[in-house]
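The next block holds one structure in the form of structure tokens; read it before the comments.
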There are 2 protein chains.
Amino acid sequence: MKYSVVIVEDHILLSQALSGLVNGFAKFKILYICKNGKELLTRFKDPKNIPDIVLMDINMPIMNGIETTAALKEQYPQVKVLALSVEEDENTILKMLRAGAKGYLLKDTEKSILENALIQVQETGFYHTKDVTNLLLGSLNPKEENNVMLKDREVEFIKHACTEKTYKEIANDMCLSPKTIEGYRDSIFEKLNLKNRTGLVIYAIKSKLFVP
Amino acid sequence: MKYSVVIVEDHILLSQALSGLVNGFAKFKILYICKNGKELLTRFKDPKNIPDIVLMDINMPIMNGIETTAALKEQYPQVKVLALSVEEDENTILKMLRAGAKGYLLKDTEKSILENALIQVQETGFYHTKDVTNLLLGSLNPKEENNVMLKDREVEFIKHACTEKTYKEIANDMCLSPKTIEGYRDSIFEKLNLKNRTGLVIYAIKSKLFVP
DNA sequence: TTTAAAAAGGGGTAAATCCCCCTTTTTTTT
DNA sequence: AAAAAAAAGGGGGATTTACCCCTTTTTAAA
């Protein structure tokens, strides 16, 4: 009896190709393929569609891998999620692991490693490369506080700041006094150690608060 | 006799999965896989390694798809390049086609479409989806001049502008008068129809002049 | 040697940044 | 429940930077 695997991945060509790969493994077979997390949750309503393992991409439209993994942890904790992504950003990986992923694979890996990862996740409950393990260890002692807390209002302001609008126009759009906007800016500059609006824009894009 | 295909793609898992897919097609077989353009050109030194078709990713480290395709057009014009990318940006697609690609496929396509594309490229010399064809038609009458020519010095300035430096500091770093820098900025703003530095930063990142 | 471009500059206005300061409300702590 | 702290909103005024228009010099090209 083979273990069942579901692929959640928005790029059809990759998911179909992966499907072929996994079906070639001795112990696994693909149950079906989904294009995003929402589709997956819909499918899960039928118990026959619940697999042993979900191979989950992170960057997807509609419902991304992190949200989906968190939802699965809530509703279907027996399903093991193996994350699969090009994303090497530390925070993203940590978010995914916190959401309940049992393993994290880069797309830049050998197929034999994928097979090993699947086997380990199924049999021992987790699979992690050295890199991810080190990352986990590093995140235990939160060294220099990488995750600065920005308030909702500030985040909203930052998105406006990533446009050609002046602060006065932003104030108008957010129904606030220009002085309040200046206050947001100043506190953000201080928290993030920024010098000017250009720095803020770069930060916003790096941290995905704003997608250009 | 099957047509030979080489995959150039930096994500090993995808290239291996694709490899399985293509080997499953009746008329095609994978000759080998490369991780980037440089590796491909090295391989090509042995004539036995020259395939009928190259399946080429665009975003690669070391030597990207556009450079590589241009090089192939020069040195091995008989080899047909089929571009394969997640990139939907118009300029990127046009650059790739100008570099000599015979077709452009999004990774978000069915495997049957990949097979069709390979067949068409091999037999008729090109394959294009409706979207790409429309894009080509649009680029013939260069309507609103999508490809503004930026001078080298201006591009260099833009990269500096994507930092927290003031224009004065940029002038210093580029060994120019602040007034010259202002001149660069003004001409760029006019060419690209920008209002301020924030707009410039967003433009630079969108067009990949600056990678955050 | 004209012609154009690149580089440099002057001066003015608006925007951004940076200091101080304040009140009110909400949340947390004691 | 009272006190303290944090969050949200607002201000005055000074300095710097950014932005814009227009001119001159220097350099490179035709």
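Every chain is numbered from 1, with letters handed out A, B, ... down the list of sequences.
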Whole Å only: how far is the NZ atom of B:Lys195 from the C1' atom of D:dA18?
15 Å

Report yes if a side-chain nitrogen or oxygen of A:Thr166 is closer than 4.0 Å to either non-bridging phosphate oxygen (OP1 or OP2) of C:dA15; otherwise report no.
no

Among the nucleotides D:dT17, C:dG9, D:dC20, whichever has the atom closest to the side chain of B:Ser177 is C:dG9

Among C:dT17, D:dG9, D:dC19, the one nearest any side-chain atom of B:Phe189 is D:dC19

Rounding to a whole Å, what distance do you find between A:Lys165:NZ and C:dA16:P?
12 Å

Round to the nearest Å and state the distance from B:Arg185 atom CZ to D:dC21 atom P.
11 Å

Quick one: on DNA chain C, does B:Arg153 or B:Asn196 contact a more 5' nucleotide (nearest heavy atom)?
B:Arg153

Quick test of your reading of the model: are A:Glu156 and A:Lys159 salt-bridged, counting only N-O distances below 4.0 Å?
no

Closest of D:dG10, C:dA7, D:dC21 to the B:Asp186 side chain is D:dC21

Is A:Tyr184 close enough to D:dA8 that one of its side-chain N or O atoms is under 4.0 Å from OP1 or OP2 there?
no

Do the side-chain N or O atoms of A:Tyr167 get closer than 4.0 angstrom to the phosphate oxygens (OP1, OP2) of C:dA14?
no

Tell me whether the NZ or CZ atom of A:Arg185 lies within the 45° cone about the ring axis of A:Tyr167 and under 6.0 Å from its centre.
yes

In the structure I gave you, are the side-chain heavy atoms of B:Val211 and B:Ile205 within less than 4.5 Å of one another anywhere?
no

Tell which nucleotide pairs with C:dT30, taking only Watson-Crick or G-U wobble pairs whose two distances are both under 3.5 angstrom.
D:dA1

Indicate yes or no for a side-chain donor-acceptor contact from A:Tyr32 to the backbone of A:Asn49 under 3.5 Å, with no hydrogens or angles considered.
yes

Is there a donor on the side chain of A:Lys179 or the base of D:dG13 sitting less than 3.5 Å from an acceptor on the other?
yes

Side-chain contact check for A:Lys151: nearest option of D:dA8, C:dA5, D:dC19 is D:dA8

Spacing between A:Leu200 atom CG and D:dT17 atom P, to the nearest angstrom:
18 Å

Describe the nucleic acid contact of A:Arg197 in one word from base, sugar-phosphate, nothing, applying a heavy-atom distance below 4.0 Å.
sugar-phosphate

To the side chain of B:Glu182, which of C:dT17, C:dA7, D:dC19 is closest?
D:dC19

